[in-house]
Amino acid sequence: MLKNRSIPFGYCMVNGKYALNVPEAEAVRKIFADYIGGKSLKTIAAEMQIPYNMDKAVWNKNMVCRVLENKKYIGENGYPQIVAIDDFEQAARIKAERNTYRKPVPQDEPQQINTAVMEYEPTDEIQRMTNEINRLLDTENPDKEKVEALIIECAQLKYTMINEVRT
């Protein structure tokens, strides 16, 4: 059947009823088997030999995905069954596991982030350095290298003090 898809891939109309299009139905079974076997949507699309419809001879991963999600293949809504329900459900589980986009799970209560607040008394040396940094920054043309060196030295002293307070 090479016309625009108003009837799902794998089916055709015979005497006003849905019937299997045998080559397409086999392709549907192969899609499910390959996906359950571990192939990606993109790989399956690249390997498809039978055209999807007359406008789309080449498959893409979205077309394969639509086949894997279509419940008509398990016999719903008057369509003949092409795929076993177990295979359909297994493909859905695999698809959910492979899904790389996951919406954040809403939480009933906001999580509290426990941060340790540590207080320490700055030493005379740290206070002296802080005052010197502020004095240099208030000058018209501060020596950037000297300010940077003092900031780094002061930060190292503060880090050492915080580690001493922790232990």
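One is the number of the first residue; the rest follow in order along the sequence. Computed from a predicted structure; not experimentally measured.
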**OP:** Of all the heavy-atom pairs spanning A27 and M48, show the shortest one and how long it is.
**Re:** CB-CE, 3.7 Å
Which donor-acceptor pairs under 3.5 Å do the side chains of residues 137-153 make with protein atoms, sequence neighbours left out?
| unit_1 | atom_1 | unit_2 | atom_2 | d |
| --- | --- | --- | --- | --- |
| T139 | OG1 | L136 | O | 2.6 |
| D143 | OD1 | E145 | N | 3.4 |

Subject >> Nearest-0.5 Å distance that lies between atom CD1 in I31 and atom NZ in K39 >> reply: 11.5 Å
**OP:** Start with the C-alpha gap between D87 and R29, add the side-chain angles, then the distance that decides, and say whether side-chain contact (heavy atoms from CB on, under 4.5 Å) holds.
**Re:** CA-CA 9 Å; D87 289 345; R29 287 185 195 102; over 6 Å; no
Original post:
Minimum heavy-atom separation for I7 to M13, with atom names?
Top reply: CD1-CG, 3.2 Å
Original post:
About how many Å separate OH of Y79 and CG of L20, when rounded to the nearest 0.5 Å?
Top reply: 12.0 Å
Original post:
Between atom NZ of K72 and atom OH of Y18, what is the distance when rounded to the nearest 0.5 Å?
Top reply: 6.5 Å
**OP:** Look up atom CD in Q90 and atom CD1 in I85, then write down how far apart they are to the nearest 0.5 Å.
**Re:** 14.0 Å
Original post:
At what distance, to the nearest 0.5 angstrom, does CZ of F9 lie from CG of N21?
Top reply: 7.5 Å
Subject >> Partners passing ring pair (Phe, Tyr, Trp, His ring centres under 6.0 Å) against Y73 (at least two apart in sequence or in another chain) >> reply: Y11
Original post:
Can you list the steps and then say if M129 with E132 is a side-chain contact (heavy atoms from CB on, under 4.5 Å)?
Top reply: CA-CA 5 Å; M129 290 177 126; E132 179 66 14; 5.5 Å; no
**OP:** Working to the nearest 0.5 Å, report the span between NZ of K30 and OH of Y35.
**Re:** 15.0 Å
**OP:** For the pair Q127 and N131, evaluate side-chain contact (heavy atoms from CB on, under 4.5 Å) and give the outcome as yes or no after the intermediate values.
**Re:** CA-CA 6 Å; Q127 193 59 51; N131 291 339; 3.4 Å; yes
Subject >> Closest contact, heavy atoms only, A19 versus P80 >> reply: CA-CG, 4.1 Å
Original post:
Shortest non-hydrogen contact from F88 to I74?
Top reply: CB-CG2, 3.4 Å
Original post:
Does some side-chain heavy atom of F32 sit less than 4.5 Å from a side-chain heavy atom of V67?
Top reply: yes
Original post:
Of all residues at least two apart in sequence or in a different chain, which pass the side chain to side chain contact (heavy atoms under 4.5 Å, CB included) check with N62?
Top reply: N60, R66
Subject >> Minimum side-chain heavy-atom gap K95-C65 below 4.5 Å >> reply: yes
Subject >> Shortest non-hydrogen separation from E125 to L157 and the atoms involved >> reply: CG-CD1, 3.7 Å
Subject >> Min side-chain heavy-atom separation I126-T123 under 4.5 Å >> reply: yes
Original post:
Does a sphere of radius 6.0 Å around CG in D124 hold more than 12 heavy atoms from other residues, nucleotides or ligands, not counting ones at 6.0 Å or beyond?
Top reply: no
**OP:** List the steps, then state whether side-chain contact (heavy atoms from CB on, under 4.5 Å) holds for L41 with L68.
**Re:** CA-CA 10 Å; L41 298 174; L68 292 170; 3.5 Å; yes
Original post:
Counting only N and O atoms by type, is there a donor-acceptor contact under 3.5 Å from the side chain of W59 to the main-chain atoms of I50?
Top reply: yes
